[in-house]
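These notes concern the structure reproduced below.
All heavy atoms count here, side chains included; hydrogens, waters and symmetry mates do not. Proteins get letters first, then strands, A, B, ... in listed order; numbering begins at 1 in each.
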Amino acid sequence: MWDPVIGLEIHVQLNTKSKIFSPASTDFGSDQNTQACAIDLGMPGVLPVLNEEAVKMAIKFGLAIGANISDNSIFARKNYFYPDLPKGYQISQYEIPIVEGGSINIIIDGQTKTINITRAHLEEDAGKSIHDLYPNETAIDLNRAGTPLIEIVSEPEMKSAAEAVQYLKNIHSLVRYLGISDGNMQEGSFRCDANISLMKKGSEVLGTRAEIKNINSFKFVENAINHEIQRQSDILDNGDNVKQETRLYDPSKDETRSMRSKEEANDYRYFPDPDLLPVSITSKLIEDIKSNMPELPSTKKDRFKAQYKLNDYDIDILTNNRELSEYFEKTIEGTDLNAKTTANWIITEVLALANKKNIGVSEYPVSYKNLQNLLSNVQSEVISSKQAKDVFERMWNNGEDAQYIIENEGMKQISDTDELNKIVDNIIKNNYKSVEEYQNGKDKLLGFFVGQVMKETKGKGNPKLINEILKVKLKK
Amino acid sequence: MDKKTIIKIANLAKLEIKDDKLNDIASSLEKILNLVDEMNGVNTDDVTPMSHPLNLKQELRKDEVKEANQRDLFQKDNENTDNGYYKVPKIID
Amino acid sequence: MHNKTVSELKKAIEKKEVSSLELTSLFINRIKNMDPELNSFITLTEEHAIDKAKIIDKEISKGILRPLSGIPLAQKDIFCTKDIKTTCGSKMLDNFISPYDATVVEKLNDAGMVIVGKTNMDEFAMGSSNETSFFGDVKNPWNKDYVPGGSSGGSAASVSARLIPCSTGTDTGGSIRQPASLTGICGIKPTYGRVSRFGMIAFASSLDQAGVFTRTAEDSAILLTHISGFDPKDSTSSKKPVPDYAADCTKKFKSLIIGIPSEFLDGLDDKVREVFDENIRILEKNGCKFKKISLKSSKLGVSAYQVVAPAECSSNLSRYDGVRFGYRAKNVKDIEELYKKSRSEAFGPEVKRRILIGTYALSAGYYDAYYLKAQKIRKIISNEFEDAFKEVDLILGPTTPDTAFKLGEKTNDPIAMYLSDVFTVSTNLAGLPAMSIPMGFKNNLPLGLQIIGNHFDESKILSLAHHYQNLTDWHTKSPQEN
């Protein structure tokens with residue numbers, strides 16, 4: 001009966017060193033109000049000056065989504081009172097945002113769908129209000145005030161929570177690929193508001209929309225949207241009207257509730273900020289940025305498929321973030337390592353250990369060079385794949401390199417056919433009954449014999465060779 | 001300028017207007033608006049609005065941290081702070 | 001000594017005829033004796049001044065001489081001064097001690113000047129008579145029943161009464177030129193962007209400019225050079241190089257073409273017209289050619305100004321909310337009350353009026369009719385000036401339609417107050433430089449001559465003013481001392 005119409009507004013914190021309008025630091029986690037300078041505090045007489053890097057990052061984003069970069073972009077004041085908004089207005093953009101248009105593709109049910117983006121603009125973040133530190137007071141920390149944000153507004157083209165989550169994930173991946181944000185949702189550097197309304201099936205008339213604010217995980221986005229679709233559906237089924245309002249998602253109760261303080265629609269009285277001038281963006285600047293753009297996720301995925309012939313599942317994991325894809329590629333670069341084997345190794349062994357400690361590529365104790373060395377030893381059969389797993393764990397936990405461990409532990413596979421032949425002969429001599437059973441058709445016993453040889457070689461026997469030798473010697 | 005409008009505007013501006021002053025305010029605001037209405041006598045259809053008197057473009061600042069922690073200095077005259085936080089009456093969202 | 005100009009004092013200090021300490025003490029004593037009747041100072045910074053004077057004297061004894069070493073100065077209380085109270089004439093900032101210096105303050109301090117105090121002003125620079133200050137009215141030294149003009153009333157009165165050789169001011173719609181005119185001194189408002197606004201408490205950001213009060217054009221030129229220049233902390237400041245204005249203006253006078261807008265003479269008071277015409281005759285005889293011009297839309301300037309300035313100020317003043325600095329109401333039950341009570345208890349009626357008008361002009365449904373319209377009128381006014389300057393070098397007119405009015409005469413009639421700015425506001429809207437210099441008297445009260453120049457033509461303005469002051473002596477007249 002009802003078709004959901006969903007638009008997302010995403011606020012992305014740009015990882016510049018200093019704030020968008022002041023030279024104070026943007027570091028996360030510092031002591032309260034130690035990174036709020038006079039400009040961030042809105043003290044009398046202070047003035048904003050625009051951060052060059054924030055502009056460049058916005059342009060990067062605009063180019064990545066194929067948008068139009070505005071020349072003579074203007075900053076505007078959005079006026080409202082809130083204690084974590086020191087000036088009583090937020091410097092944002094209204095007319096002539098820096099990025100207009102653009103789009104991003106999502107894959108939903110195996111099909112590609114294009115989601116258009118209305119605009120993306122630069123603005124400053126507000127500080128933080130902490131309501132539970134004092135019994136009768138709210139504590140204000142203005143460290144975050146003035147951190148650069150890019151607000152990305154999508155067209156209301158998503159039709160389900162799943163589509164919204166895909167869109168969100170793609171934007172998330174993109175901003176991290178571009179290196180313009182760390183996209184850390186827990187720390188608040190990637191925040192999402194959803195606008196949801198329901199349209200009667202077959203109708204062109206949009207319903208009243210509700211806004212759900214500040215959802216900070218992909219799971220919550222999905223839950224919140226689904227919950228809201230249900231809530232609005234129930235209201236409309238009853239013949240009632242949906243109220244245009246702002247709601248907060250409560251993850252502990254998995255429900256949305258109306259925000260009291262924003263009941264009255266605020267008149268923001270936007271006007272061009274007289275303390276800032278129009279931002280002139282030359283085609284040279286755009287060209288410079290274009291020529292320094294990193295490979296975008298979608299391009300990389302296509303290339304991995306063509307170049308390495310990996311499957312979609314593996315590609316998705318490896319290209320999830322730029323650092324991991326680079327770790328993979330640097331490992332095989334300039335070597336004759338097998339791409340599929342390397343990919344498997346990273347996906348199973350490396351990520352397993354990394355996820356245990358919840359660390360990213362930059363914190364991996366095993367460098368790509370080290371991994372390369374290990375995998376070369378496996379590929380050239382110096383050690384077996386099983387041995388390599390043990391070696392790798394030691395490398396990861398103790399920081400030693402593969403070569404050192406292999407040599408010091410005398411781990412080199414026994415590939416000396418003479419030695420192996422002797423051992424096999426011995427095993428056969430001592431297990432003639434099993435040999436008979438094998439020769440009479442119990443093929444499964446080959447594994448037993450391999451195991452026995454492995455035991456004798458203390459796990460260092462070259463399994464391939466052992467298999468070959470056994471097969472020959474066990475023949476009648 | 002009716003009273004309702006004045007109260008709405010005063011609310012947006014976070015100013016308190018006492019009831020007995022509403023009439024005075026209304027009347028002085030109206031006089032100012034009458035003065036301002038003289039602008040309507042001029043046709044401005046083809047005119048671009050002017051936000052800045054000079055045709056300058058925004059200077060871009062290098063992305064460098066140049067501010068040290070001066071919290072104590074900024075808060076030294078403010079008794080409504082605690083442990084570095086600013087404090088206001090509790091807000092219920 | 002108190003009648004010496006900045007230029008003369010500079011020479012006296014250089015020649016060691018007087019020490020900075022002597023000079024500073026002299027002016028501080030004059031202020032202590034005579035200012036209670038004028039109320040031109042909010043804060044006297046005696047200790048600070050004496051300390052600085054001593055430091056300067058020590059430097060001088062070691063042969064270190066800065067451009068304005070040891071010369072006492074008063075700063076309008078709108079400029080943030082580190083460790084010294086900056087009130088902006090308001091209860092809202094009565095306890096505000098700025099953690100930093102405004103760029104203008106820093107520059108003059110670096111030039112060796114000694115700040116003796118912060119001068120009285122209309123609250124948040126909103127006013128034309130210095131009758132809206134939380135710290136009481138300022139009196140006109142020529143007649144204490146009369147206003148000195150505003151908003152820089154204290155800066156003007158103190159220079160006029162020879163309590164200080166020079167002072168700083170700010171001009172958004174005439175707040176330097178009008179008080180200069182009403183108190184018989186020189187006041188210059190430079191081109192928008194010529195002087196940094198960093199640390200200058202904002203009223204209307206696209207109109208505000210810092211300037212100076214002195215008794216001679218040459219003094220104005222000296223000080224102007226030192227406060228001007230690009231400031232990376234002010235995005236709206238200009239990178240145009242700063243000339244040596246004093247050297248420029250004291251060069252041999254080059255003939256100029258001067259325009260007189262008919263709109264500036266329409267309905268002018270007879271006596272004022274008489275004084276003005278006499279001055280034109282003097283200049284005509286001495287190298288100036290005059291031309292009638294028309295600035296059709298200049299009268300609309302008041303209307304446009306009464307939208308743009310309040311709109312910008314309504315937003316600029318939102319930061320005064322009692323949370324991080326400034327006045328904070330006591331016993332409030334919630335955040336809403338904290339805002340409303342703090343602001344309502346600490347802002348005066350004129351400030352509140354302007355915040356309300358400004359909020360209204362920007363509000364939904366009214367933005368186009370008011371704010372946008374005003375910015376278009378602004379463009380028209382600006383274009384008219386641009387066209388005029390194709391024909392003339394400078395534009396002249398009386399600074400104010402009449403002499404100072406009596407205290408209390410216009411406080412109940414804000415419209416009359418606003419209309420007295422009619423000759424000055426359009427220059428702010430167009431961002432042009434302008435100066436007022438004394439041109440005569442009516443009923444023993446001073447009248448001012450306004451010289452308007454094209455963008456960054458301060459040298460031409462100062463040159464004419466200096467030339468004029470070589471031909472006349474209005475600028476040497478001093479109010480009677482009791």
Side-chain angles (χ1 to χ4, degrees), chain B residues 1 5-6 8-18 21 24-26 28-29 31-62 70 72-81 86-92, chain C residues 95-97 99 191-193 206 232 235-236 238 297 299-300 302-304 306-307 314 318 321 323-325 328 332-341 343-344 347 352-353 355-357 359-361 363 369-370 372-380 382 414-415 418-419 429-432 455:
Chain B
M1 259 269 206
T5 308
I6 298 184
K8 192 173 82 165
I9 298 293
N11 222 23
L12 278 177
K14 298 299 172 222
L15 290 174
E16 216 171 41
I17 312 280
K18 300 237 157 64
K21 288 269 189 285
D24 284 342
I25 300 271
S28 53
L29 293 184
K31 288 205 187 104
I32 298 172
L33 290 176
N34 284 338
L35 175 66
V36 164
D37 280 339
E38 287 180 24
M39 293 193 296
N40 292 330
V42 179
N43 184 316
T44 52
D45 290 342
D46 294 323
V47 185
T48 5
M50 180 171 156
S51 294
H52 292 105
L54 301 171
N55 206 10
L56 296 174
K57 297 286 178 240
Q58 178 66 37
E59 283 288 310
L60 298 177
R61 170 179 57 86
K62 280 221 152 355
Q70 290 190 81
D72 290 338
L73 177 61
F74 294 139
Q75 291 187 354
K76 72 174 166 64
D77 295 328
N78 189 340
E79 56 183 29
N80 290 291
T81 55
Y86 291 98
K87 292 197 296 174
V88 297
K90 195 187 275 274
I91 301 168
I92 307 147
Chain C
N95 67 350
F96 178 64
I97 300 190
T191 311
Y192 183 85
S206 73
S235 296
T236 59
S238 163
S297 312
K299 285 214 166 75
L300 284 178
V302 181
S303 303
Q306 285 306 328
V307 171
S314 70
S318 295
D321 57 11
V323 176
R324 301 164 311 290
F325 54 81
R328 179 168 174 141
V332 291
K333 64 175 198 288
D334 56 27
I335 188 79
E336 199 57 20
E337 236 182 53
L338 175 66
Y339 288 148
K340 287 191 170 151
K341 284 209 184 310
R343 290 163 64 79
S344 305
F347 284 146
K352 285 185 192 155
R353 209 176 355 245
I355 291 176
L356 289 171
I357 284 284
T359 307
Y360 183 71
S363 64
Y370 290 112
L372 205 59
K373 183 83 182 178
Q375 298 285 50
K376 289 183 173 190
I377 297 289
R378 197 174 171 172
K379 184 85 176 116
I380 292 177
S382 194
I415 302 295
Y418 301 154
L419 286 171
L429 291 166
L432 297 167
H455 294 123

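In this structure, chain C has heavy atoms under 4.5 Å from both the backbone and the side chain of B:L15. For a residue to count as touching a neighbouring chain, one of its non-hydrogen atoms must lie under 4.5 Å from one of that chain's; by this rule C:S314 does not touch chain B. If you measure heavy-atom distances from C:Y418 to chain B, the contacts under 4.5 Å come from the side chain alone. Contact annotation for C:S318: neither backbone nor side-chain heavy atoms come within less than 4.5 Å of a heavy atom of chain B. With a threshold of 4.5 angstrom between heavy atoms, C:I335 approaches chain B through its backbone and through its side chain. Residue contact with chain B, scored on non-hydrogen atoms closer than 4.5 Å, involves the backbone and the side chain of C:Y339 alike. The parts of C:A304 that come within reach of chain B are both its backbone and its side chain, each placing non-hydrogen atoms under 4.5 angstrom from that chain. For C:L432, no part lies under 4.5 angstrom from a heavy atom of chain B. Within the 4.5 angstrom heavy-atom criterion, atoms from both the backbone and the side chain of B:I32 approach chain C. Residue C:E337: no heavy atom, backbone or side chain, is found under 4.5 Å from chain B. Only the side chain of C:I415 comes within contact range of chain B, with at least one heavy atom under 4.5 Å from a heavy atom of that chain.
Interface remark: of the candidates C:Y192, C:F347, C:F325, C:Y192 forms the most heavy-atom pairs closer than 4.5 Å to chain B. With chain B as partner, the option from C:H455, C:K299, C:R324, C:K333 having the largest number of non-hydrogen pairs under 4.5 angstrom is C:R324. By number of non-hydrogen pairs under 4.5 angstrom with chain B, the leading residue of C:S297, C:G431, C:S344 is C:S344. Ranked by heavy-atom pairs shorter than 4.5 Å toward chain B, the options C:P232, C:G193, C:A369, C:A374 are led by C:A374. The greatest number of non-hydrogen atom pairs below 4.5 Å with chain C, out of B:I25, B:L33, B:T5, is found for B:L33.
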Exercise. Check the pair C:K373 / B:T44 against side-chain hydrogen bond (donor to acceptor under 3.5 Å, both in side chains), numbers first and verdict last.
Key: CA-CA 7 Å; C:K373 183 83 182 178; B:T44 52; 3.1 Å; yes

Practice problem: Report the C-alpha separation of B:L29 and C:L356 in whole Å, then their side-chain angles, then the decisive distance to 0.1 Å, and conclude whether the side-chain contact (heavy atoms from CB on, under 4.5 Å) test is met. | Solution: CA-CA 8 Å; B:L29 293 184; C:L356 289 171; 4.2 Å; yes

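No more than 12 heavy atoms of other residues, nucleotides or ligands shown are found within 6.0 angstrom of NZ on B:K21.
For B:K87, the side chain to side chain donor-acceptor pair (under 3.5 Å) partners at least two apart in sequence or on another chain are A:E137.
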